2 protein chains.
Amino acid sequence: MTNTDRHGLIAQALRESGSATVQDLAELTGASEMTIRRDLDTLAAQGVLERVRGGARTLLLRGEEPPFALRAREAVEAKRRIAAEVSSLITDGETVLLDSGTTCLEVARHLRQRPVTVMPLSLQAIHLFGETPGPATLMVPGGRPRAAEGALTGPLTLASLSALRFDTAVIGCCGVSAAEGLTAYDLDDAAVKKAGIASARRIIGAADGSKLGRTAYAYVGPSALLHTLVTDSTAPAEEVAAFEGTSTVVKTV
Amino acid sequence: MTNTDRHGLIAQALRESGSATVQDLAELTGASEMTIRRDLDTLAAQGVLERVRGGARTLLLRGEEPPFALRAREAVEAKRRIAAEVSSLITDGETVLLDSGTTCLEVARHLRQRPVTVMPLSLQAIHLFGETPGPATLMVPGGRPRAAEGALTGPLTLASLSALRFDTAVIGCCGVSAAEGLTAYDLDDAAVKKAGIASARRIIGAADGSKLGRTAYAYVGPSALLHTLVTDSTAPAEEVAAFEGTSTVVKTV
DNA sequence: CGTAACGAACATTTTCCATGTTCGAAAGTC
DNA sequence: GACTTTCGAACATGGAAAATGTTCGTTACG
């Protein structure tokens with residue numbers, strides 16, 4: 001078992017019972033108590049849990065978005081396939097706006113090796129392009145990064161977006177519903193997505209099946225804004241059907 | 001000997017003789033020819049040298065700025081001390097604009113652990129703040145990063161700067177001379193430095209001794225723009241004396 | 001066509017990171 | 001205030017990953 005697996009186990013155990021002792025977790029995972037303590041420190045720094053004497057308590061019971069580090073481990077295979085499909089929809093030479101989030105981070109991995117101009121809206125993706133300069137051209141938007149998320153938001157980001165026009169925007173919404181439209185967990189984030197959509201000629205939505213039919217609380221816009229929606233086969237059939245009646249092209253990978 | 005040491009040896013050997021064979025370098029460093037070949041590939045990717053059959057040829061004979069990877073290894077101790085001094089000049093709660101370059105990257109290391117708001121003008125420094133969130137608040141300027149340098153330049157950067165006002169700007173000029181003023185190797189960079197200086201109430205110059213009295217070709221402004229200049233004891237005495245006759249405070253560490 | 005250089009593939013060494021153990025200090029509990 | 005439990009620093013250990021060396025077939029150049 002790798003340390004990441006163990007972190008996943010711990011996070012899951014806490015989500016189920018709300019809290020756990022160091023001893024319980026050591027027994028559950030087969031690791032020593034010292035290792036569990038170190039794990040708890042790591043997860044606490046990621047905002048997954050809160051440390052209490054003798055154990056830990058979960059921090060993510062409410063309707064909030066789970067921390068980035070946790071989401072990055074969910075539906076990895078689906079995200080990878082979705083990202084490959086999104087990348088194939090983009091032509092060499094295009095200018096691309098890339099939203100924040102784990103799915104779009106995967107798209108960034110693909111685009112790095114393509115001759116395109118990319119403006120990513122998250123620090124993580126900027127890192128990716130920055131450290132190994134490939135054929136792609138990187139543009140950095142201004143802004144204030146939101147915690148571990150790395151999503152750039154605020155007036156500087158909006159100003160950067162309003163100064164540019166993109167061929168394509170790849171948007172990774174937290175909630176996508178034919179009826180309720182596109183939604184995000186964070187108001188600032190939603191504002192950035194709105195501005196991004198307004199600055200691009202073509203909008204591609206990238207969302208794994210778990211996002212379909214879900215609604216977060218910050219409204220971004222009607223689902224008809226998407227010219228193309230790329231999702232996977234775990235998406236609820238009725239949602240996909242609802243989209244197929246509209247102008248949006250749905251690709252299931 | 002570490003691989004980095006060896007890279008330094010190779011770079012130095014090439015600067016002195018202009019070119020060298022793989023055999024020569026293997027003998028010089030005590031490494032195998034295969035290792036030298038791999039080193040040369042690495043250094044070629046950094047823009048330090050050009051690969052030719054049988055060996056390599058230097059790329060940095062002209063008056064150009066050496067690549068970032070090379071500068072990062074020069075005068076490390078001096079830069080560290082200068083950075084510590086600059087950091088001590090900054091008060092908690094200030095908003096700080098941080099220039100690109102290796103010296104300012106060291107300053108970033110210090111500021112990470114301080115409750116200040118920082119806008120760095122290079123990707124490297126942004127990484128630094130992004131990966132380990134400390135008490136500092138990070139603001140990202142927009143812009144287009146210049147190659148391995150990571151320095152953000154262009155209209156987006158200028159726009160980000162003109163939208164903000166900073167308490168202090170830390171500027172790391174390539175050339176600092178009492179007579180010729182502040183200069184940079186790159187025109188775009190110089191424009192950004194100018195804009196940065198215009199957006200800050202207090203300007204701190206950070207330059208190790210080798211930069212004093214040197215002139216690069218892109219003019220930034222008169223040396224009197226600097227309220228404080230932090231340098232080290234290797235600075236030429238006559239330059240330091242010239243500065244001491246002006247309003248600029250010189251700190252030698 | 002011959003020679004030297006190259007680089008892929010594998011073997012080996014070294015380095016670094018995750019984990020475990022021990023033990024003194026700190027925090028709770030009675 | 002004494003006792004128990006938890007905590008985390010410090011060091012030891014194991015294993016994975018990176019760096020380096022070696023071999024050998026391929027490629028470039030004269």
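Residue numbering restarts at 1 for every chain, and letters A, B, ... go by the order of the sequence lines. What you see below is based on every heavy atom in this structure, not just the backbone, and it leaves out hydrogens, waters and symmetry mates. Treat the numbers as computed from the prediction; the structure is a model and nothing was measured.
In the helix from dC1(C)-dG30(D) to dC30(C)-dG1(D), the end axes, each obtained as the rotation axis mapping the C1' atoms of four pairs onto the next four within a five-pair block, lie 40° apart to the nearest 10 degrees.
Distances shorter than 4.0 Å separate some side-chain N or O of Arg37(B) from OP1 or OP2 on dC6(C). Between Arg51(B) and the phosphate of dC6(C), there is a side-chain N or O to OP1/OP2 separation shorter than 4.0 Å. Residue Arg53(B) places none of its side-chain N or O atoms closer than 4.0 Å to OP1 or OP2 of dG30(D). Of the side-chain N and O atoms in Arg6(A), one or more sit less than 4.0 angstrom from OP1 or OP2 of dT19(C).
Within 6.0 Å of CD on Glu50(A) lie more than 12 heavy atoms contributed by other residues, nucleotides or ligands.
Remark: Ala31(A), Ser32(A), Met34(A), Thr35(A) in residues 10-36 of chain A come within less than 4.0 Å of DNA chain C through at least one heavy atom.
Within the model, atoms CZ of Arg73(B) and CG of Asp5(B) stand 9.0 Å from one another, a figure rounded to the nearest 0.5 Å.
Rounded to whole angstrom, the span from the CG atom of Asn3(A) across to the P atom of dG15(D) amounts to 16 Å. To the nearest angstrom, C1' of dA10(D) lies 10 Å from CZ of Arg38(A). Spacing between atom CE of Met1(B) and atom P of dT14(C) amounts to 15 Å, rounded to whole angstrom units.
Donor-acceptor pairing under 3.5 Å is recorded for the side chains of Lys79(B) and Thr102(B). Thr91(A) and Glu94(A) form a side-chain donor-acceptor contact under 3.5 Å, judged by distance and modelled atom types alone. With hydrogens and angles left out, the side-chain atoms of Gln12(B) and Glu16(B) include a donor and acceptor closer than 3.5 Å.
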| field | Stepwise side-chain hydrogen bond (donor to acceptor under 3.5 Å, both in side chains) test for Thr35(B) and Ser32(B) | value | CA-CA 5 Å; Thr35(B) 301; Ser32(B) 75; 3.1 Å; yes
Under 3.5 Å, which donor-acceptor pairs link side chains of residues 113-124 of chain B to any protein atom two or more places apart or in another chain?
unit_1, atom_1, unit_2, atom_2, d
Arg114(B), NE, Asp92(B), OD1, 3.0
Arg114(B), NH1, Ser87(B), O, 2.9
Arg114(B), NH1, Ser87(B), OG, 3.3
Arg114(B), NH2, Ile90(B), O, 2.5
Arg114(B), NH2, Asp92(B), OD1, 3.0
Ser122(B), OG, Ala125(B), N, 3.3
Gln124(B), NE2, Ala148(B), O, 2.9

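Between Asp39(A) and Gly55(B), the residue anchored nearer the 5' end of DNA chain C, judged by the nucleotide with its closest heavy atom, is Gly55(B).
Residues Thr234(B) and Asp208(B) fail the side-chain proximity criterion, which asks for heavy atoms closer than 4.5 Å. You'll find the side chain of Val107(A) stays beyond 4.5 Å of the side chain of Val96(A), heavy atoms only.
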